[in-house]
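Only one structure is covered here, and it is reproduced in the block below.
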2 protein chains.
Amino acid sequence: MATIKDVAKLAGVSISTVSLALNNQPHVRAETKEKVLAAARRLNYQPNGIARDLKLSKTETIGLILPDLAGPFYSELIRGIQDFTTANHYDVVAMSAIGERPKSIRYIQEKRTDGMIIMSQQIDATLIRQAARPDFPIVLLNREVSSNHVTSVMIDNRKAAYEAVQLMIRQGYSEIAYLGGPEDASDNRNRFYGYQASLHEAGRTVEPKWCLQGDFTKEGGYGAAKRLLAEGMLPQAIFAANDEMAIGLIEGLQQGGIGIPEEMAVVGFDDIQLASYIRPTLTTVRQPMYQLGSTAAKLLFRLLDGESNLDAVVLDTHLIERDSCPPKAVTQS
Amino acid sequence: MATIKDVAKLAGVSISTVSLALNNQPHVRAETKEKVLAAARRLNYQPNGIARDLKLSKTETIGLILPDLAGPFYSELIRGIQDFTTANHYDVVAMSAIGERPKSIRYIQEKRTDGMIIMSQQIDATLIRQAARPDFPIVLLNREVSSNHVTSVMIDNRKAAYEAVQLMIRQGYSEIAYLGGPEDASDNRNRFYGYQASLHEAGRTVEPKWCLQGDFTKEGGYGAAKRLLAEGMLPQAIFAANDEMAIGLIEGLQQGGIGIPEEMAVVGFDDIQLASYIRPTLTTVRQPMYQLGSTAAKLLFRLLDGESNLDAVVLDTHLIERDSCPPKAVTQS
DNA sequence: TTGTAAGCGTTATCAG
DNA sequence: CTGATAACGCTTACAA
């Protein structure tokens with residue numbers, strides 16, 4: 001591969017002149033510049049970005065770590081980030097945090113980007129705290145880690161869940177179950193607290209038998225449905241901590257001959273694309289994904305500009321009422 | 001940020017010793033190593049990946065360029081790539097090729113990764129040819145560019161479309177329309193050729209009025225439906241060049257009061273997740289996404305190992321029959 | 001076993 | 001306006 005040296009040699013000038021010419025610095029004679037450009041073209045010269053990054057100690061790219069790098073769920077998020085970063089002449093590279101010890105942590109440890117936006121509970125908080133510095137700020141999505149150069153943008157999971165369950169109560173359901181994600185996921189925990197608060201406010205209590213365990217996957221929801229069916233005891237409604245589980249749950253229940261929503265209402269969380277396609281269409285909580293992304297990018301640039309100790313930003317969610325949680329029909333049971 | 005120099009100073013050794021110790025090279029006295037490790041820990045030292053990459057002229061990461069970085073469509077593809085690269089201790093970073101002059105081209109020009117897998121028609125062929133070198137091979141997905149260090153993995157779009165339309169004919173439909181993507185997309189072109197071949201074989205001809213123009217988006221399909229409705233002339237069946245358009249089309253038609261599939265059959269292409277959720281469920285062509293990814297990764301590593309002039313690999317597709325293209329009911333029109 | 005020094009490909013400072 | 005030269009942070013012969 002041709003380097004700046006080769007170009008200099010071919011053009012018969014020094015490498016510094018080549019650098020000046022190629023970077024459109026003033027003070028280069030037009031004639032010289034032309035000579036350099038010609039040489040570069042002839043050699044198919046491409047500057048080595050890595051060397052450049054090392055010299056300048058900046059990459060003009062920001063990293064994005066997602067749990068999975070797939071799913072329409074992230075589409076808007078990425079767009080929100082990209083719209084903002086592109087305007088600042090920055091690139092975005094995405095990597096996923098799948099696997100036991102995600103390889104993506106290499107990227108957060110070794111400063112291969114100028115900063116990071118992380119949406120993943122997998123990555124260790126200590127690691128994040130260690131990696132974050134003035135010249136390598138980190139913005140967390142739906143998660144908090146205290147450090148000067150880390151900030152977060154979140155949705156109010158508790159409030160969102162509270163409102164969702166409130167709707168279920170208002171529609172006339174009693175026996176409302178909670179289908180949760182992994183115990184240690186903070187999203188899950190906060191959604192559970194919201195569920196709990198809503199029940200308490202209505203003078204009810206959380207019953208262990210109505211606390212179902214899932215794992216944020218469709219399969220998890222499906223499994224929960226099967227267990228419910230096997231036990232033969234059904235609640236009147238279920239609030240699932242995410243749409244994927246809600247969908248698996250609905251499919252499992254329907255296969256078991258349970259009519260949704262007549263025999264059981266379901267509410268989800270996230271408003272993924274499928275939510276409006278599954279039958280019945282899913283009542284769910286919409287996260288402002290685009291805004292989540294753009295806010296994160298905005299905060300990251302402020303951090304990059306030297307600000308620190310930024311407060312976390314909390315975004316509002318929006319309850320989307322569809323067909324899976326209609327007013328409860330009065331039946332003569 | 002602490003550098004290797006700082007660690008050396010604190011540990012009271014030379015920087016080369018630090019490097020040796022940190023990289024678990026033999027020939028370092030245990031005691032010295034301990035001293036170095038302690039110093040590194042105290043300084044919260046993180047090696048600078050960029051400097052390392054520059055020195056070693058390799059990054060152990062491969063880049064992936066996708067049209068959009070979103071959509072469940074790519075989920076399996078990415079997994080296919082990742083499973084393979086992870087086994088080789090490589091990382092994957094993804095970037096999207098959206099926008100007029102995608103910023104991601106910077107990554108392909110400046111050798112910031114050891115190679116690239118590109119799924120995008122947006123990126124200029126000349127650029128690809130210029131960038132590809134023995135130490136920066138490129139694998140193209142569903143696209144071909146002739147160069148020693150570029151190869152492709154593709155599906156046989158023509159054959160897949162041919163088979164899909166053959167099914168439609170077999171089910172008894174005559175008047176079969178084609179809803180295409182952008183004219184210049186080679187996928188689209190080849191799918192059209194397959195459509196054409198299938199019709200010809202059945203002794204029919206392609207009629208201009210049944211060649212609908214879309215753009216691979218749901219909105220495009222929706223628009224086509226509206227135009228069809230406005231004209232008042234409907235074909236018996238439509239083969240859409242991708243699922244998104246097919247779905248938009250179905251929604252548009254249904255809104256116009258047309259029963260699918262009774263009044264019009266539809267077949268799509270891709271088998272995205274939604275295809276099995278939309279009503280009616282969509283008959284479509286499944287691309288072997290995982291295999292597409294893993295094959296691409298495999299080829300890339302062979303290229304990286306010094307092989308060249310690799311033949312393109314063509315993968316088989318699979319027709320998924322669902323409800324949107326049943327045998328045509330005999331009606332007394 | 002450890003240190004010295006060269007070099008990866010740039011950019012930037014400073015003379016000339 | 002152009003050319004030496006140092007430096008970015010690291011790895012690795014080679015020397016000690």
Side-chain angles (χ1 to χ4, degrees), chain A residues 1-37 39-40 43-61 106-107 109-114 131 133 135-136, chain B residues 1-37 39-40 43-61 106-107 109-114 131 133 135-136:
Chain A
M1 192 53 203
T3 73
I4 197 171
K5 256 186 210 155
D6 303 314
V7 178
K9 198 178 300 169
L10 181 61
V13 296
S14 76
I15 60 168
S16 34
T17 303
V18 174
S19 177
L20 294 180
L22 258 26
N23 292 295
N24 292 311
Q25 299 288 5
H27 309 312
V28 175
R29 196 150 44 107
E31 198 180 324
T32 316
K33 184 164 173 177
E34 193 40 60
K35 226 169 30 184
V36 171
L37 257 27
L43 294 171
N44 184 20
Y45 168 73
Q46 307 286 12
N48 180 316
I50 297 183
R52 181 165 205 277
D53 290 347
L54 175 59
K55 178 62 199 179
L56 300 180
S57 340
K58 79 185 199 160
T59 63
E60 300 208 308
T61 102
R106 221 185 73 190
Y107 265 73
Q109 288 180 137
E110 301 182 354
K111 196 167 168 17
R112 276 207 176 65
T113 59
D114 289 353
R133 301 163 250 146
D135 62 335
F136 188 78
Chain B
M1 192 51 203
T3 73
I4 197 171
K5 253 187 213 158
D6 303 315
V7 178
K9 197 179 301 167
L10 183 61
V13 297
S14 77
I15 62 169
S16 43
T17 303
V18 174
S19 177
L20 294 180
L22 258 26
N23 292 295
N24 293 310
Q25 298 289 4
H27 308 312
V28 175
R29 193 148 47 107
E31 198 178 325
T32 315
K33 185 162 172 178
E34 193 39 61
K35 226 168 32 182
V36 171
L37 258 27
L43 294 171
N44 183 21
Y45 168 74
Q46 307 286 9
N48 180 317
I50 297 183
R52 181 165 205 277
D53 291 346
L54 177 59
K55 176 64 199 176
L56 300 181
S57 329
K58 78 182 201 167
T59 63
E60 300 208 309
T61 102
R106 221 185 73 190
Y107 265 73
Q109 287 180 137
E110 300 183 352
K111 197 168 166 21
R112 277 209 177 64
T113 60
D114 290 354
R133 300 163 252 146
D135 62 336
F136 189 76

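Everything quoted here is computed from the prediction, not taken from an experiment. Order of the sequence lines sets the chain letters (A, B, ...), proteins ahead of strands, with each chain counted from 1.
In this structure, CD1 in B/Ile50 is found 7.5 Å from CD1 in A/Ile50, a value given to the nearest 0.5 Å.
Atom P of nucleotide C/dC14 and atom NE2 of A/His27 are separated by 15 Å, given to the nearest angstrom. Across the protein-nucleic acid pair, A/Lys58 atom NZ and C/dT10 atom C1' stand 15 Å apart, rounded to whole Å. The nearest whole Å value for the distance from the NZ atom in A/Lys35 to the C1' atom in D/dC1 is 12 Å.
Defining each end axis of the helix from C/dT1-D/dA16 to C/dG16-D/dC1 as the rotation carrying four pairs' C1' atoms onto the next four, with five pairs an end, the two axes are found to diverge by 50° to 10 degrees.
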What verdict does the side chain to side chain contact (heavy atoms under 4.5 Å, CB included) test give for A/Arg112 and B/Asp53, after you've listed the backbone C-alpha separation in whole Å, the side-chain angles of each residue and the deciding distance to 0.1 Å? CA-CA 10 Å; A/Arg112 276 207 176 65; B/Asp53 291 346; 2.9 Å; yes
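Contact annotation: the side chain of A/Met1 never approaches that of A/Asn48 to less than 4.5 Å [non-hydrogen atoms, C-beta and beyond]. Side-chain contact check for A/Thr61 versus B/Arg106: some heavy-atom pair is nearer than 4.5 Å. Side chains of A/Leu22 and A/Tyr45 form a contact here, defined as non-hydrogen atoms less than 4.5 Å apart.
Only one option out of A/Leu10, A/Ile4, A/Thr3 pairs with A/Asp6 in a side-chain contact (heavy atoms from CB on, under 4.5 Å); it is A/Thr3.
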Strictly under 4.0 angstrom, non-hydrogen atoms only: write out the protein contact profile of nucleotides 8-16 of chain D, one letter per nucleotide from the 5' end, B, S or -. BBBBB----
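Between B/Val7 and B/Ala40, the closest heavy-atom pair is CG1-N, 3.9 Å.
The backbone N or O of A/His27 lies less than 3.5 Å from no partner atom in the side chain of A/Arg29, so there is not a single donor-acceptor pair.
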